[in-house]
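Read through the structure below, which is laid out as structure tokens, and then see the notes.
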Amino acid sequence: MQYNFNEIEAKWQKYWAENQTFKADNPAQSKVEGNIEKPKFYVLDMFPYPSGAGLHVGHPLGYIASDIYARYKRHKGFNVMHPQGYDSFGLPAEQYAIQTGQHPAITTAENIKTYRRQLDQIGFSFDWSREVRTSDPKYYKWTQWIFIQIFNSWYNKETDKAEDIETLIAAFEKDGNTAVNAVCDDAIETFSAADWNSFSDKRKQEVLLQYRLTYLAETEVNWCPALGTVLANDEIVNGVSERGGHPVVRKKMTQWSMRISAYAQRLLDGLEKIDWPQPLKDSQTNWIGRSQGASAVFNVNEHDAVIDVFTTRPDTIFGVSFMTLAPEHDLVSQITTPEQKAEVEAYIEATAKRSERDRMADVKTISGAFTGAYAEHPFSKEPIPIWIGDYVLAGYGTGAVMSVPCGDQRDYDFAKHFNIPIPNIFEGVDISEEAFADKGKTVIANSDFLNGLPYKKAMKLAIYELEKLGQGEGKINYRLRDAVFSRQRYWGEPFPVYYVDGMPQMIAPEHLPIALPEVEKYLPTETGEPPLGNAEVWAWDTVANKVVNNSEINNNTVWPLELNTMPGWAGSSQYFNRYMDPTNEEEIFSKEAMNYWQDVDLYIGGSEHATGHLLYSRFWQKFMFDKGFVPKDEFAKKLINQGMITGTSAFVYTLSIELKDGESTTLYTEPTFHYFTKSLIDKLENQEIDPAVQKVIDQVVDKYKEQWGEKTYWNKNINIHKTHVDISMVNSSDELNMDAFQKWRPENEGVTFVVENGKYIVGREVEKMSKSKYNVVNPDEICEEYGADSLRLYEMFLGPLEQSKPWNTAGITGTHGFLKKLWRLYVPFMDGSLSEDTERSRSEAEVKPTKDNLKTLHKTIKKVEEDIENFSFNTSVSTFMICVNELSTQKCTSKEILEALAILVSPYAPHIAEELWSQLGNSKSISTAPFPAFDASYLVESSKEYPISFNGKMRFKLELPLDMSKDQIEEVVMAHEKTQQQLQGRTPKKVIIVPGKIVNIVG
RNA sequence: GCUCGAGUGGUGGAAUUGGUAGACACGUUGGACUUAAAAUCCAAUGGACAUUAGUCCGUAUGGGUUCAAGUCCCAUCUCGAGUACCA
């Protein structure tokens, strides 16, 4: 009986779907409420954005790994939840809609269909009954619900958690805002209880907005004109948009923001208790950017104004020789003197024109302008000139720095450039060439009360003295900014918000979801409103509690709705919790479900989400924790980043011949229109011209001579050109299908190949998989030709999960061959079409396992179990191969052994395992079978083949009993003829014997 | 520039606390079967010398610790990822 993988895989995929084999039990659904016998295990993949291109072989890598783990945990007796869904709001579908008019919901649904088909054919054990789609109103109802929760909350620094806004209102009514210690906007006016109670309703709402965890405020945002939307910091890479690479400019706009900065410290602390990859933790730490120092206040001379600065080096405060403000700083226009006005304004204009990208690319050019104003040093009372410079960023800290040129290289460079004095406040340090920033070696000098102190002490004392003056305090600063939450796009979650007199109002949760309205065009309106401005039915009726036509807006009971939509990360920030109870229409998830599932045990996905999805999700989780909705403040215990699978591009080579007269003048460049096989190119690169190449070159030169007459060409340059060729035209031995190549493109017709042994060998290079490089490998084709089980095994076999590694389809014959070999072991137990030489009955075939059989099996169990626990899937595939090779050699026909082996293999190659399991006579799915127990007694050895080394080099091996003593071993080894041969009469200085390991003879 | 990670055959990669380097595959070469091809099976396969036994060199490079180093320590080089005026 043949291993007919296509048939087997289709059969079992159908079986799993029909029997809901991988449906995870929920506490509420089980017989005994809240008490499922099995312990829970939650395995999660980062859900995909369903793009139009479908999957390539790189995409399922992480899904295969998580699937193996999920299936393994089922064998180990866990109630495993392994859900999958779609992050289906996003820019590509909308861009496509703008171009074609096709509704994004339609393209998205089509793409999801393709994804589902591709996922199904790989045989994942997903519980599809839990599927979520972020663009489904039934799902985004809860995204809107969370938004309302966040809006109705503030952050209490005293309790260090989010609290209901009602508690803040109560505090205001009682004591005003002076006693409240909250995370809020920067410039807040203080008010008493009496003030508060006398405020108008609108005024109260304005004040509360400054405290809410999501708030509407005019903020400086990253505006991307090409995409017509704002972008969050993590959506910008190198000053251009992550998607599309469009330029981004700074712009002030009224936007929803999320007060993630309130959670900066907890997001940092939380990293210590989760098992996530260090690089990922590092980049989150970096992104949060905690720095400890002090704030200091400098009074501005002749103005009623102060400059607030943040510094990490308050110990160097006596080294200040100037102040620098960001050009955008509010004070600049106020304090600039009439004489300096022209220069300052010109400078501000010049910096505004420079894009973010230019500013970043050009960090070496020093520029700035003097405002003409002076600040007063808090201690020395000396006047300090105030400058502006674009090396100070408006968005970080207070947008102003106290410049200490002797201790900071940027300040130093600025001072040098503008001839500002550089006072030295470090003992015994030369600062004539560069600034001195080594905190460890710092001893302060020329600094009044700080003289002679090292860094730490000086820092403490400086802060103490600043506090005494009332001009500063110790402070911790974070780089993390509040996250802009509005997008001027169509294809996203609508906000559950309407506006009364310009003030945002939440729609009551019982009226959710607020579904996306239909629009004619997906572009911004003529007046520059977001696409939802095109909707005709987009007003909120507060009486009927429903969305009505805009014409009904009466500014009394019917009000306009919010026109922005939520960003891509809104829907993905709590999806892992919704999976626990995905169809619940009453609440986001039931208490029972949440208490049972708790958190994600294993989360697998790409490292590109380090500072986006994974930071925002942790933020929302902490919020949900504060409000008592979830029991854990970190949502995923363990996270693994799978590496990228790169493509192996193929290249063909042509030459062009450049004829030069004398040293430099190019007379003529001639492409040869011949394709040369790789080895000839290799030779050329080593300055070696093969006769076959020479012939072509001569032809070109002859042709030239015919046209131009005889000349001496003493300089012939040969240039090699390589072109990508579609990898489907290349076989596993790198041979090009020359016929196919000629037909590939019209211009290839009739080209000549210069071959070796009749074969054209292409060049190979590892590159990112992409259409333009013609190196994309589609899993559909692999499944068709080799089967999903071969694909799964091969993806794991390629190398460690976290590492990036190149795909090479040729290698799949290895794992495919293994499966065939595995199959053959079971043939004696198969019904009907037994091959002639194995024609036996089952009972005849079955024999008792031999000692060797058991040894092979149990060493496989041990290794595979260890490997899975360590996520070392590549090595367990090798272990299976060794196991099958051994059992084949042993001609094993023990049902006991083969049953256990089928279970071991089943997480990796589930289809063949199910088939073999049923052929052995089992009627239930193999996924219900317990994992074989390891028994060490089968591995006990009585002897060991000792490596005998001389001076650390292994020379020969000797089989010795394991119970032999050190002395006995030495005796036997020394007496051995090969030992004497090695020593050649010398007496060894030392003999090292590690029983059970090694013998080393020194001398 | 800074932070982190990695360098092992022609290729992907093994090597658990320092203890037989190159497991397992791919590819290559030779052989069997076949009219032929495919498939399958068998054998060889780090390099150099040695046609037998065997010897020497080999885990990016140079040092060091050790009876013993891919593994530990120091320095250097190369590649990859992240980050980038963060005061």
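Order of the sequence lines sets the chain letters (A, B, ...), proteins ahead of strands, with each chain counted from 1.
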Pairing partner of B:U52, by Watson-Crick or G-U wobble and under 3.5 Å for both distances, is none

Taking B:G9 as the reference, what is the distance to B:A44 when you measure between their C1' atoms (whole Å, please)? 15 Å

_A:Glu886 with A:Lys859: basic N within carboxylate O range, under 4.0 Å_ = yes

(message) Would you measure the distance from the P atom in B:G18 across to the matching atom in B:A69 and give it in whole Å?
(response) 13 Å

Over all strands shown, is A:Lys989 touching base, sugar-phosphate only, or nothing at heavy-atom distances under 4.0 angstrom? nothing

Pairing partner of B:C41, by Watson-Crick or G-U wobble and under 3.5 Å for both distances, is B:G31

Regarding B:G9, purine or pyrimidine glycosidic angle vs 90° from 0 gives syn

Between B:U3 and B:U8, how far apart are the two C1' atoms, rounded to whole Å?
26 Å

For B:G62, the nucleotide meeting Watson-Crick or G-U wobble distances (both under 3.5 Å) is B:C74

A:Thr809 and A:Trp807: side chain donor to acceptor below 3.5 Å | yes

Here the distance between atom C1' of B:C85 and atom CG of A:Leu393, to the nearest Å, is 6 Å

Considering only heavy side-chain atoms of A:Ser878, the closest of B:A23, B:A87, B:C26 is B:A23

**Asked** Between A:Lys820 and B:U40, is there a side-chain N or O to OP1/OP2 distance below 4.0 Å?
**Response** yes

Applying the 3.5 Å cut-off to both distances, the Watson-Crick or G-U partner of B:C86 turns out to be none

Students often get this wrong, so: under 4.0 angstrom with heavy atoms, is A:Asp408 touching a base, only sugar-phosphate, or nothing? nothing

In whole angstrom, give me the gap between the C1' atoms of B:A36 and B:U52.
41 Å

Legend entry - B:G5 OP1/OP2 closer than 4.0 Å to side-chain N/O of A:Gln278: no

query = Can a salt bridge be assigned to the pair A:Glu970 and A:Lys966 using a cut-off of 4.0 Å between side-chain N and carboxylate O?
reply = no

**Request:** Step through it carefully: locate the ring centre of A:Phe418, locate the ring centre of A:Phe322, and say whether they are under 6.0 Å apart.
**Result:** no

Sticking with atom P, work out how far B:A15 lies from B:G62, rounded to a whole angstrom. 26 Å

Checking B:C41, B:A14, B:A25 against the side chain of A:Thr875 (C-beta onward), the nearest is B:A14

- Quick one: label A:Asn874 by what it contacts on the DNA or RNA (base, sugar-phosphate, nothing), any heavy atom closer than 4.0 Å. sugar-phosphate

Handout entry: CD (A:Glu869) with more than 12 external heavy atoms under 6.0 Å
Key = yes

As its Watson-Crick or G-U partner within any shown strand, both distances under 3.5 Å, B:A21 has none

When we call it a touch if two heavy atoms are under 4.0 Å apart, what does A:Val1002 touch: a base, just sugar-phosphate, or nothing?
sugar-phosphate

### Task
Scan A:Thr813 against the nucleic acid and name what it touches under 4.0 Å (heavy atoms): base, sugar-phosphate only, or nothing.
sugar-phosphate

Please report the distance separating the C1' of B:A38 from the corresponding atom of B:G22, rounded so that it comes out in whole Å. 32 Å

Applying the 3.5 Å cut-off to both distances, the Watson-Crick or G-U partner of B:A15 turns out to be none

Tell me whether the side-chain N/O atoms of A:Lys957 come closer than 4.0 Å to OP1 or OP2 in B:U20.
no

Correct closest heavy-atom pair for A:Lys475 and A:Phe310 would be O-CE1, 3.5 Å

Practice task
Could you give the distance separating B:G58 and B:A48 at their P atoms, to the nearest angstrom?
Solution key: 15 Å

A:His816 NE2 to B:C26 C1', in whole Å, measures 15 Å

Closest to the 5' end of RNA chain B, once A:Lys953 and A:Lys990 are matched to their nearest nucleotides, is A:Lys953

Quick note, A:Ile998 side chain, CB onward, closest among B:C4, B:U20, B:C86 is B:U20

Checking B:A14, B:A87, B:A84 against the side chain of A:Arg410 (C-beta onward), the nearest is B:A87

Classify the nucleic acid contact of A:Asn885 as base, sugar-phosphate or nothing, counting any heavy atom under 4.0 Å across all strands shown. sugar-phosphate

Atom CG of A:Leu793 and atom P of B:A25 are separated, to the nearest Å, by 13 Å

- Stepwise, does the ring pair (Phe, Tyr, Trp, His ring centres under 6.0 Å) test hold for A:Tyr786 with A:Phe5? CA-CA 8 Å; A:Tyr786 300 97; A:Phe5 48 87; 7.6 Å; no

When rounded to whole Å, the CD to P distance for the pair A:Glu767 and B:G80 reads 13 Å

From CG of A:Asp282 across to C1' of B:C4 the rounded distance in Å is 6 Å

From the list A:His816, A:Glu795, A:Lys820, side chain to side chain donor-acceptor pair (under 3.5 Å) with A:Ser790 holds only for A:His816

Assert: residue with more 5' nearest nucleotide on RNA chain B, out of A:Gly952 and A:Ser283, is A:Gly952

note: A:Ile882, atom CD1; B:A15, atom C1'; distance rounded to Å ~ 12 Å

Checklist entry - Should we say atom NZ of A:Lys953 is surrounded by more than 12 heavy atoms from elsewhere, each under 6.0 Å from it? => result no

Identify whether any heavy atom of A:Lys997 sits under 4.0 Å from a base atom; if not, whether one sits that close to sugar-phosphate; answer base, sugar-phosphate or nothing. base

B:C79 -> Watson-Crick or G-U wobble partner, both distances under 3.5 Å, gives B:G5

- Remember a base hit wins even if backbone is also touched, and classify A:Arg290 as base, sugar-phosphate or nothing at under 4.0 Å, heavy atoms. nothing

TODO: Name the nucleic acid region contacted by A:Gln409, choosing base, sugar-phosphate or nothing; use a 4.0 angstrom heavy-atom cut-off, strictly under.
DONE: nothing

A:Trp287 atom CH2 is separated from B:A84 atom C1', nearest whole Å, by 11 Å

Partner of B:A69 under the Watson-Crick or G-U wobble criteria, both distances under 3.5 Å, comes out as none

Here the distance between atom C1' of B:G1 and atom OH of A:Tyr412, to the nearest Å, is 18 Å

**Study point:** Phosphate OP1/OP2 of B:A84 contacted by A:Arg479 side-chain N/O (<4.0 Å)
**Key:** yes

